[in-house]
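Proteins get letters first, then strands, A, B, ... in listed order; numbering begins at 1 in each. Worth knowing before you read on, the calculation uses all heavy atoms, side chains too, and leaves out hydrogens, waters and symmetry mates.
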Number of protein chains: 2
Amino acid sequence: MQITSRFTVAVHILTCIEIFSEKMRVTSEFLAGSTGVNAVIIRNVLGLLRTAGIVETRQGSGGAHLVRPLGEISLYDIYVAVDSLDDNGLFRFHENPNAQCPVGRNIHKVMDRRLAAAQQALENELRSMTLADVVAETRAIICEDDKGHAT
Amino acid sequence: MQITSRFTVAVHILTCIEIFSEKMRVTSEFLAGSTGVNAVIIRNVLGLLRTAGIVETRQGSGGAHLVRPLGEISLYDIYVAVDSLDDNGLFRFHENPNAQCPVGRNIHKVMDRRLAAAQQALENELRSMTLADVVAETRAIICEDDKGHAT
DNA sequence: TAAGTTGTAACTACCATAGTTACAACTTTT
DNA sequence: AAAAGTTGTAACTATGGTAGTTACAACTTA
């Protein structure tokens, strides 16, 4: 069981949009090339990010843009946008515990709070990190790279 | 995307084993009845818990028992035992970012630390809770239940 | 109008989860 | 030693989600 690669793909393409959109049109084809992920999947992910109010895209002309400042887009926002858990929560509960059994009757009640706390811990950590951090570090590494090649 | 119900099933059956095994043989059939989950699945989960050194089972005679004290079995131990992430981590990364692209070449490096931190946060929370807590609260609720019925 | 792009539907391939059936191996009881 | 009950496991099915693919209408710009 793993959290979908849509999440890392989304972070990747948002980073690309920030870094490249000043100099060029960042199309789904370009993003497909950078991520190694199918262009239709990219467009779907962009659609989810658009619905979440994180990016703008335009039919016809092409090219995606960020809607909010980098520092106001947390990894949590991205995670929620693309990895829909609906109302179910991160943990899946077996559906038919036996109400005749004292444990079966109460296990849900006992566990729910704890599972929610665990999920919260994950989400709080994701909330603490923003695209600004990711882009800054990426830019720094790219800059180092360039220096390395120059010597 | 959700964490498998094997996890909540495992917590459920371990709770049952603790609560019932003094008075009766806790067989996979019994646990299937309490959880509403197929007996073969129960035996598989018990097998994973056995491999992890959490329970003992015996062929033929039947009945599962806890191997370690309740307080030394954390929800993390159970999670790891039944929800194998292998070496992959909780987050799945898209596999072919383009090394020609400065973002594609570095995104993995930039994200890995952050994804690991998020995973850690989840796991630390699970580590902080033990079967002892779960069983204690379950017993307390069962006791309340009984009082309620008595009046 | 032509070229390039997005948005979306429809389909496929693949994999994991969970259920099911079946049965050999084992333990205990009689 | 036979019978009954149980575990461990293999093999198979059903289901659902992820991701890839093809196709095309709607749109924008040159």
Side-chain angles (χ1 to χ4, degrees), chain A residues 1-10 12-13 17 20-21 24-33 35-52 55-65 79 81-86 88 90-97, chain B residues 1-10 12-13 17 20-21 24-33 35-52 55-65 79 81-86 88 90-97:
Chain A
M1 198 293 320
Q2 285 185 306
I3 287 165
T4 359
S5 64
R6 278 199 301 273
F7 175 58
T8 56
V9 167
H12 184 147
I13 69 187
I17 292 169
F20 295 116
S21 68
M24 54 177 289
R25 239 179 350 144
V26 181
T27 66
S28 61
E29 281 302 331
F30 174 81
L31 292 170
T35 56
V37 167
N38 188 279
V40 176
I41 308 292
I42 297 293
R43 293 204 281 269
N44 288 339
V45 171
L46 278 173
L48 293 168
L49 294 171
R50 179 164 21 89
T51 302
V55 300
E56 267 177 352
T57 54
R58 292 185 63 203
Q59 251 190 340
S61 62
H65 297 273
Y79 167 70
V82 301
D83 232 298
S84 101
L85 293 170
D86 305 330
N88 293 312
L90 180 60
F91 294 90
R92 175 161 173 190
F93 217 101
H94 51 297
E95 289 169 357
N96 304 305
Chain B
M1 199 293 320
Q2 286 185 304
I3 286 165
T4 359
S5 64
R6 279 200 301 274
F7 175 58
T8 56
V9 168
H12 185 146
I13 68 186
I17 292 168
F20 295 116
S21 69
M24 54 177 291
R25 235 173 357 139
V26 181
T27 66
S28 60
E29 281 300 334
F30 174 81
L31 293 170
T35 55
V37 168
N38 189 280
V40 175
I41 307 292
I42 297 292
R43 293 204 281 270
N44 288 341
V45 171
L46 278 173
L48 293 168
L49 294 170
R50 179 164 22 87
T51 302
V55 301
E56 268 178 351
T57 53
R58 292 184 62 200
Q59 253 191 339
S61 61
H65 297 273
Y79 167 70
V82 302
D83 232 297
S84 103
L85 293 170
D86 306 330
N88 293 314
L90 179 60
F91 293 91
R92 175 161 174 192
F93 218 100
H94 51 297
E95 289 170 358
N96 303 307

> Roughly, in whole Å, what's the span from CG in B:Asn44 to C1' in D:dC12?
Replying inline: 14 Å
> Is the shortest side-chain N/O distance from A:Arg58 to OP1 or OP2 of D:dC27 below 4.0 Å?
Replying inline: no
>> Between A:Thr4 and A:Arg6 (side chain of the first, backbone of the second, donor and acceptor by atom type, cut-off under 3.5 Å), is there such a pair?
In response: no
> In terms of the nearest nucleotide of DNA chain D, which residue is placed more toward the 5' end: A:Gly60 or A:Gly36?
Replying inline: A:Gly36
> How about A:Val9 and A:Ile41: do any of their side-chain heavy atoms sit closer than 4.5 Å?
Replying inline: no
Tell me which donor-acceptor pairs under 3.5 Å the side chains of residues 45-52 of chain A have, and how far apart each pair is, sequence neighbours excluded?
| from | atom 1 | to | atom 2 | distance (Å) |
| --- | --- | --- | --- | --- |
| A:Arg50 | NE | A:Thr57 | OG1 | 3.0 |
| A:Thr51 | OG1 | A:Gly47 | O | 2.9 |

> Starting at CZ of A:Arg92 and ending at C1' of D:dG16, how long is that distance when rounded to a whole Å?
Replying inline: 9 Å
> Touch check for B:Val37, heavy atoms < 4.0 angstrom, all strands: base, sugar-phosphate only, or nothing?
Replying inline: sugar-phosphate
> In whole angstroms, how far is the P atom of D:dG17 from the CD atom of B:Gln2?
Replying inline: 9 Å
>> Base, sugar-phosphate or nothing for B:Gly62? Non-hydrogen atoms, less than 4.0 Å.
In response: sugar-phosphate
>> Output the rounded distance in Å from CG (B:Asn38) to P (D:dA14).
In response: 16 Å
>> For a quick test of reading the model, state the closest non-hydrogen atom pair linking A:Phe91 to B:Ile3 and the distance between them.
In response: CE2-CD1, 3.6 Å
>> What range of DNA chain C does chain A touch, first nucleotide to last, counting atoms under 4.0 Å from its heavy atoms?
In response: C:dG4 to C:dT17
> Which of parallel (below 30°), tilted (30 to 60°) and perpendicular (above 60°) describes B:His12 and A:His94?
Replying inline: tilted
> For atom CD of A:Glu29, is the number of surrounding heavy atoms from other residues, nucleotides or ligands below 6.0 Å larger than 12?
Replying inline: no
> Taking the nucleotide of DNA chain C with the closest heavy atom to each, which residue, A:Arg50 or B:Ser5, is nearer the 5' end?
Replying inline: A:Arg50
> For B:Val26 and A:Ser61, take the nucleotide of DNA chain D holding the closest heavy atom to each; which residue's nucleotide lies nearer the 5' end?
Replying inline: B:Val26
